Amino acid sequence: MDRIVVRGGRRLSGTVQASGSKNATLALMAAAILTDGETVLRNVPRVRDVGTMAKILGALGVACEWDADDDHVLRIRAGRVSHPEAPYELVRQMRASFLVLGPLVARLGTGRVSEPGGCAIGVRPVDQHLKGLEALGAKIRLDHGYVEASAGQLTGARVAFDVSTVNGTQNVMMAAVLARGRTVIENAAREPEVAELARVLGAMGAQIAGVGTDKIEIEGVARLGGVDHTVWGDRIEIGTLLAAGLVTRGDVTVHGADPGLLESTLEKLREAGAEVEVLRDAIRLRAADRARGIKIVTAPYPGFPTDMQAQLMAALTLADGSSVVTETVFENRFMHVPELVRMGADIEVAGRAAHVRGVATLSGAPVMATDLRASAGLILAGLAAEGDTIVNRVYHIDRGYERIEDKLRRLGAEIRRESEEG
Ligand code: EPU
């Protein structure tokens with residue numbers, strides 16, 4: 001397994017291009033199951049989770065191939081879905097695999113997906129996904145660790161989620177587009193990845209109103225056609241690169257960004273003392289001084305994203321003053337804290353809140369985390385720490401960032417990837 005070695009102390013400066021959104025891509029790949037036409041996705045990030053979803057599609061019998069001329073273009077054709085079952089071996093690697101259940105039952109009347117279970121950031125049930133599919137008329141059965149959904153023909157219904165769930169909203173939306181009649185999803189997640197999926201489904205022929213709001217209305221159609229879509233920039237990768245600018249007191253410009261999708265993140269970066277300038281297709285962050293201590297509370301969109309929490313906390317460990325970081329979306333998303341403390345950070349966790357007292361310096365250390373965003377936070381801390389930080393189990397970073405070390409190196413970071421043996 002690879003590791004990343006960061007030598008801290010360089011102020012990052014320069015321009016970098018963001019990749020396409022990982023989480024949008026995963027849902028869009030699942031949506032390809034809904035049509036026998038060709039789904040072409042462009043600007044797809046080459047990250048491990050996308051590879052896992054491609055394997056899932058392969059296991060279902062769906063053709064999914066990288067374009068011969070452009071290695072960020074995926075071509076998917078679900079002419080036939082010969083084997084509507086997502087196996088444990090793949091689902092256990094990535095919970096988002098569960099996104100294929102809605103499309104399978106909508107297109108074929110049946111789907112079987114391994115129950116994803118818990119993961120490093122918490123219990124993460126799928127009860128809301130199942131509640132939505134049941135409301136549309138699917139019969140749900142749990143069988144030997146698998147969730148089976150079956151229905152002759154799904155029928156539109158009212159679905160009111162008890163919690164705001166991104167993948168739950170996407171799953172039910174994908175089922176409802178081919179259901180008979182009208183579905184209303186209340187308390188729908190408003191994340192941009194939900195809106196992007198709705199727009200793409202619309203381009204495939206679905207009838208969806210209320211895109212981007214918490215009430216989505218869908219009029220079912222008999223069939224959907226193919227689509228050619230360029231995936232929007234990854235707002236979390238963009239936020240991560242900007243936070244790298246903050247922690248190193250640098251001057252970083254990230255292209256491929258839709259600044260409108262990052263407002264809460266930009267607001268917190270500004271509050272922490274950075275100068276953030278929104279350009280036409282880019283965001284520039286300049287940070288001349290130490291960050292200031294701030295309060296952060298994660299929340300569903302348009303609130304501050306839980307997926308940015310670890311990276312911003314890493315930057316705040318070096319702030320002038322104290323910060324309070326409260327995680328309200330997942331119950332166990334502070335795996336980076338003990339590792340940051342090993343680097344000299346002063347952080348105390350009490351329930352859902354982490355109290356961060358800024359320190360003047362961090363010292364490089366071997367670290368490890370079992371969550372993608374936590375690992376990114378550790379790289380950011382390493383960029384500003386004295387000496388070398390070795391981030392082990394790079395596997396987690398590779399799940400969601402395409403060659404993050406190359407992007408950071410382009411900005412002047414001293415960072416390299418090594419295989420664990422040498
Ligand atoms: N929840 C339930 N029941 C459900 C579904 C969710 O109780 O049926 C709870 C979860 O346990 C959690 C909260 O609702 O406490 C929100 O979870 P949500 O369903 O919104 O998360 P998700 O859809 O599984 C996506 C992203 C995550 C991101 C969250 C929140 C994908 C593939 N994943 O997960 O991304 O943190 O939304 O924004 O879209 C990441 O990229 O690192 C990542 C973890």
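Small disclaimer: the values here were computed from a predicted structure and weren't measured. Whatever order the structure lists ligands and atoms in, that order sets their numbers, starting from 1.
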Q: Name the option, out of Thr328, Thr306, Val126, Val163, that contains the heavy atom nearest to atom 30 (C) of ligand 1.
A: Thr306
Q) Taking the six-membered ring of Trp66, is the NZ or CZ of Arg46 close enough (under 6.0 Å from the centre) and on axis enough (within 45°)? A) yes
Q) Considering only heavy atoms of His129, which atoms of ligand 1 have at least one such atom less than 4.0 Å away? A) 8 (O)
**Q.** Over 12 non-hydrogen atoms of neighbours within 6.0 angstrom of CD in Glu277
**A.** yes
Q: For atom 42 (O) of ligand 1, state which one of Arg373, His396, Glu327 supplies the nearest heavy atom.
A: Arg373
**Q.** Ligand-residue contact atoms, ligand 1 with Ala96, heavy atoms, under 4.0 Å
**A.** 32 (C)
(Q) Heavy atom to atom 36 (O) of ligand 1, shortest distance: which of Asn23, Asn332, Thr165, Asp307 holds it? (A) Asp307
Q. Is ligand 1 less than 4.0 angstrom away from at least one heavy atom of Glu193?
A. no
Q.
Strictly below 4.0 Å, N to O, side chains only: are Glu339 and Arg342 in salt-bridge contact?
A. yes
Q.
Under a 4.0 Å threshold between the charged nitrogen and the carboxylate oxygen, would Arg393 count as salt-bridged to Asp2?
A. no
Q.
Between Glu405 and Arg416 (salt bridge meaning N to carboxylate O under 4.0 Å), is one present in this structure?
A. no
Q: Show which atoms of ligand 1 fall inside a sub-4.0 Å distance from at least one heavy-atom site of Gln128.
A: 3 (N), 4 (C), 8 (O)
Q | Pairing residues for His129 by the side chain to side chain donor-acceptor pair (under 3.5 Å) criterion, not counting sequence neighbours | A | Asn171
Q: Provide, to 0.1 Å, the distance between atom 24 (O) of ligand 1 and the closest protein heavy atom, together with that atom's residue and name.
A: Arg124 NH2, 2.9 Å
Q. For ligand 1, is there an N or O atom under 3.5 Å from any N or O atom of Val166?
A. yes
Q) In terms of side-chain geometry, is the basic nitrogen of Lys22 or Glu402 positioned less than 4.0 Å from the acidic oxygen of its partner? A) no
Q: Using a strict 4.0 Å threshold on nitrogen-to-oxygen distance, state whether Lys131 and Asp162 make a salt bridge.
A: yes
Q.
I want to confirm something. Looking only at heavy atoms, which of Ala376, Ser164, Pro305, Ala299 is nearest to atom 16 (C) of ligand 1?
A. Ser164
Q) So which protein heavy atom does atom 39 (O) of ligand 1 come closest to, and at what separation? A) Asn167 ND2, 3.1 Å
Q. To the nearest 0.1 Å, how far is atom 15 (O) of ligand 1 from its closest protein heavy atom, and which atom is that?
A. Val329 O, 2.6 Å
(Q) Using a strict threshold of under 4.0 Å (side-chain N to carboxylate O), is an ion pair present between Glu414 and Arg409? (A) no
Q | Interfacing atoms of ligand 1 (cut-off 4.0 Å, heavy-atom, Lys22) | A | 40 (C), 41 (O)
Q.
Can you confirm if the NZ or CZ of Arg190 lies within 45° of the ring axis of Tyr301 and under 6.0 Å from the centre of its six-membered ring?
A. no
For a quick test of your reading: what N or O donor-acceptor pairs under 3.5 Å do the side chains of residues 373-385 make, sequence neighbours left out?
residue, atom, partner, partner atom, Å
Arg373, NH1, Tyr401, OH, 3.1
Ser375, OG, Asp371, O, 2.8

Q: Using non-hydrogen atoms of the residue, decide whether Gln170 is closer than 4.0 angstrom to ligand 1.
A: no
Q: Report yes or no: does Arg333 have a heavy atom closer than 4.0 Å to ligand 1?
A: yes
(Q) Is there a polar contact between ligand 1 and Leu26, counting only N or O atoms under 3.5 Å apart? (A) no
Q: Pull out every atom of ligand 1 sitting under 4.0 Å from any heavy atom of Leu372, numbered as shown with elements.
A: 42 (O)
Q: Kindly identify the option in Ala310, Ala374, Pro125 whose heavy atom sits closest to atom 7 (O) of ligand 1.
A: Pro125
